[in-house]
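What follows is a single structure, written as structure tokens, with notes after it.
Each ligand, and each atom within it, is numbered from 1 in the order the structure gives.
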Amino acid sequence: MTNTTLQYYTSKHTNTMHSHIPFHYNAMTKPRTLNLTFFMQDIQIFEIFLAVLVFLLIHSLRQKRLHGLVVWPVLGMVPSLVTGLRTNLYEWITEALKRQNGTFRFKGPCFSNLNCIVTADPRNMEHLLKTKFPLFPKGGYFRNTVRDLLGDGIFNADDDTWQKQRKIASIEFHSTKFRQLTTESLFELVHYRLLPVLEASVKKSVAIDLQDILLRLTFDNVCMIAFGVDPGCLRLGLPKIPFAKAFEDATEATVFRFVTPTCVWKAMRLLNLGVERKLKKSIKGVDEFAENVIRTRKKELSLQCEDTKNRSDLLTVFMRLKDENGRPYSDKFLRDICVNFILAGRDTSSVALSWFFWLLEQNPEVEENILAEICMLVSQRNDIKREEFDNSLRFRPEEIKKMDYLHAALSEALRLYPSVPVDHKEVVKDDTFPDGTVLKKGTKVIYAIYAMGRMESIWGKDWKEFKPERWLRDGRFMSESAYKFTAFNGGPRLCLGKDFAYYQMKYAAASIIFRYRVKVVENHPVEPKLALTMYMKHGLKVNLYRRDVAQIHRHLGRVQIN
Ligand code: HEM
């Protein structure tokens, strides 16, 4: 660079915005001249950098005002999402939705599969789940991502394949025989397995992971309903069960696909690498178990054993039926049906119960009210004396059904901590949401169930409070619109197991609360895990203490005893 050029730079910079920068030029010293040149170039780069930064800042603030989140060039909203992932993603979504009046468009990099509409607006929910139901199937993206594990089962199916399964399963779920199966299997599990495991921990004075124990309970229970087989996860010693482990690994590895670019996980599957290798292995474990049960059941059915005639589990029900061509359903289809029901009922009730017990500890007045309701109901029995109310008490189905306050408390826990925190649909035809959001064919829609339970516009100013009373009118449980309280989905795809889930949760909760006080271990961290279901990331470590009989009798004393 010549001196003239240098002078040009010098005068430009000293005369304009950088006149404040100290600058000494000595034409006799060549190396100094060079240093100076670089220094000046640095200043230019710095200027450009500063200008870009200011531009980005103004642009980002404008975008944030428009979209609720900062939109970066190329990366879109991904940097904000990373912040959410490092803290609590569900809270992050909730805050973004609150800023944007219930709906926002998430913009990811154009090459990613992250672009979607996120909503928590009840008007949109009704539109999505009921009014325009055919326009919003699960869609190809979801189906392809979970097909290896779920096949063509109810969770993963749309249109005719879904309708067929839904119809048969719905008839089955409402049949007397099935209700009998669910009540009896739960009774056995609670009294002969759950309570002995809990009592053992009390005797040894050791803390237990209540979430793990409840997961074992619901896993055994749903396997009895779907396959008619008890895997025996919930037993003293809490054994490792290969099928349960394979199922857990397979779901975790499948979830991983949602956060991996499609081409990447497909390449990994092809090359049998990493998580995909684990997924393949665990699906093999699930399949082997299913094949074995299906083979044995077929044999039993062909022999017309007396035992099989009374079976009302889903596998046996579907095995007795024929498809539209008059042929028995294939083994693969039977496997898909059972695996999907296990997924649906495996962890949803147990994680809901875990959050419920955690909330209960912070709201002792709610626990007292539940205990009072239980005592009031059992005191109405005319075949038992007050002195006989002890650990051996077993609730009757009609008593469980009448536990309105407990029902309300569980609904309140599900409002704040829904087992399925977010769900997804795909748009198959251009449409517009009632709130004016334009939806193009192929757009993914995420409905934020967790956020919906925390909207002041839906639940009022006291939305933060754990308040079962908000569900009660004159002491009776009053359900809320499925498009405001979306924990069980709504419309034609409303959770099929909702009634059973409430019965199961109420039975297990009442049986525990009647006998024990549940105390969370001091400083035990409680936060949600990122998964399809809202697990507690570190489980729920608790100590159990036998309930004081005097406390039970105090409640009983307040009600009329026969
Ligand atoms: C607290 C407990 C439960 C909650 C919060 C819950 C929630 C849900 C939700 C949100 C869906 C919609 C999922 C989707 O389509 O993406 C669903 C569907 C379903 N649930 Fe549940 N569920 C619970 C327990 C159960 C249980 C115990 C069973 C069965 C034993 C069950 C069976 C089903 C089935 C079969 C579907 C699919 C319905 C369809 O697509 O037509 N659920 N559930």
Side-chain angles (χ1 to χ4, degrees), residues 125 128-130 133 136-139 142-143 145-146 150 152-174 178-179 181-182 185-186 214-215 217-227 258 313-315 318 336-356 407 410-426 444-450 452-453 482-483 485-509 532-535:
M125 294 303 295
L128 181 88
L129 297 174
K130 189 178 83 173
F133 173 73
F136 301 98
K138 295 247 167 163
F142 182 82
R143 213 169 11 261
T145 313
V146 302
L150 297 183
D152 293 319
I154 190 163
F155 256 118
N156 199 22
D158 284 317
D159 309 318
D160 288 352
T161 323
W162 165 73
Q163 214 150 25
K164 188 170 61 185
Q165 292 178 63
R166 172 91 195 182
K167 207 170 146 196
I168 302 169
S170 182
I171 296 170
E172 172 64 2
F173 264 64
H174 294 102
F178 186 79
R179 280 174 196 259
L181 166 77
T182 51
S185 60
L186 186 62
L214 292 166
L215 275 164
L217 170 83
T218 51
F219 188 78
D220 285 352
N221 202 188
V222 78
C223 285
M224 285 157 135
I225 291 165
F227 276 130
F258 286 101
D313 55 87
L314 280 170
L315 177 63
F318 274 89
D336 291 349
I337 288 168
C338 295
V339 165
N340 277 257
F341 272 86
I342 292 173
L343 182 80
R346 178 182 83 107
D347 50 10
T348 36
S349 314
S350 41
V351 300
L353 277 172
S354 304
W355 290 104
F356 165 79
H407 200 110
L410 285 162
S411 305
E412 189 63 347
L414 277 164
R415 172 179 74 83
L416 289 166
Y417 296 98
S419 309
V420 181
V422 287
D423 212 332
H424 138 280
K425 298 277 183 193
E426 200 170 297
K444 282 181 229 126
V445 178
I446 306 286
Y447 47 109
I449 303 175
Y450 178 91
M452 288 198 78
Y483 311 106
F485 176 59
T486 38
F488 289 96
N489 222 30
R493 285 195 98 135
L494 177 78
C495 169
L496 255 181
K498 184 179 173 191
D499 291 347
F500 167 62
Y502 267 115
Y503 184 82
Q504 189 188 43
M505 291 188 291
K506 285 165 80 176
Y507 198 93
L532 286 184
T533 317
M534 191 128 118
Y535 283 86

Ligand 1 to Lys138, heavy atom cutoff 4.0 Å, flagged ligand atoms 14 (C), 15 (O), 16 (O)

Under 2.8 Å from atom 21 (Fe) of ligand 1, protein N/O/S atom count? 1

Taking the side chain as C-beta and beyond, is there a heavy-atom pair between Lys425 and Leu129 under 4.5 Å? yes

Indicate yes or no: at least one non-hydrogen side-chain atom of Leu414 is less than 4.5 angstrom from one of Met505. yes

Taking C-beta and beyond as the side chain, do Pro137 and Asp159 meet within less than 4.5 Å on heavy atoms? no

Those residues that, when tested against Thr145, pass side chain to side chain donor-acceptor pair (under 3.5 Å) (two or more places apart): none

Where is the tightest heavy-atom contact between Phe341 and Ala169, given as atom of each residue plus distance? CZ-CB, 3.6 Å

Proximal atoms of ligand 1 relative to Phe341 (non-hydrogen, under 4.0 Å): 35 (C)

Using a 4.0 Å cut-off to any heavy atom of Phe155, which atoms of ligand 1 qualify? 13 (C), 14 (C), 18 (C), 19 (C)

Residue Phe500 vicinity, atoms of ligand 1 by number, heavy atom under 4.0 Å: 27 (C), 30 (C)

Begin from the C-alpha positions of Leu410 and Leu353 and carry the test side chain to side chain contact (heavy atoms under 4.5 Å, CB included) through to its verdict. CA-CA 8 Å; Leu410 285 162; Leu353 277 172; 4.0 Å; yes

Applying a strict 4.0 Å limit to heavy atoms, is Tyr502 in contact with ligand 1? no

Closer than 4.0 angstrom: is that true for some heavy atom of Asp423 and an atom of ligand 1? yes

Got a sec, which residues hit side chain to side chain contact (heavy atoms under 4.5 Å, CB included) with Arg143, two or more places apart in sequence or on another chain? Arg147, Asn156, Asp158

For atom 5 (C) of ligand 1, what's the nearest protein heavy-atom neighbour? Residue, atom name and distance, please. Ala487 O, 3.5 Å

Taking N or O atoms only and a 3.5 Å limit, does Arg493 qualify as a polar contact for ligand 1? yes

Quick test: of every protein heavy atom, which one is nearest to atom 38 (C) of ligand 1, and how far off is it to 0.1 Å? Arg166 NH1, 3.3 Å

Any side-chain heavy-atom pair from Phe488 and Tyr502 closer than 4.5 angstrom? yes

Answer yes or no for Gln165: is there a heavy-atom contact with ligand 1 below 4.0 Å? no

Heteroatom proximity flag, Trp162 to ligand 1, N/O under 3.5 Å: yes

Going by the rule ring pair (Phe, Tyr, Trp, His ring centres under 6.0 Å), which residues pair with Phe485 if we only count those two or more places apart in sequence or in a different chain? Trp471

Are any side-chain N or O atoms of Thr533 and backbone N or O atoms of Val420, one a donor and one an acceptor, separated by less than 3.5 Å? no

If you measure from atom 30 (C) of ligand 1 to every heavy atom of Val222, Asp158, Val351, which option wins on shortest distance? Val222

Tyr503 vs Leu186 side-chain heavy atoms within contact, under 4.5 Å: yes

Closest approach of Phe178 to Glu172 (non-hydrogen atoms, all atoms of both residues): CB-O, 3.0 Å

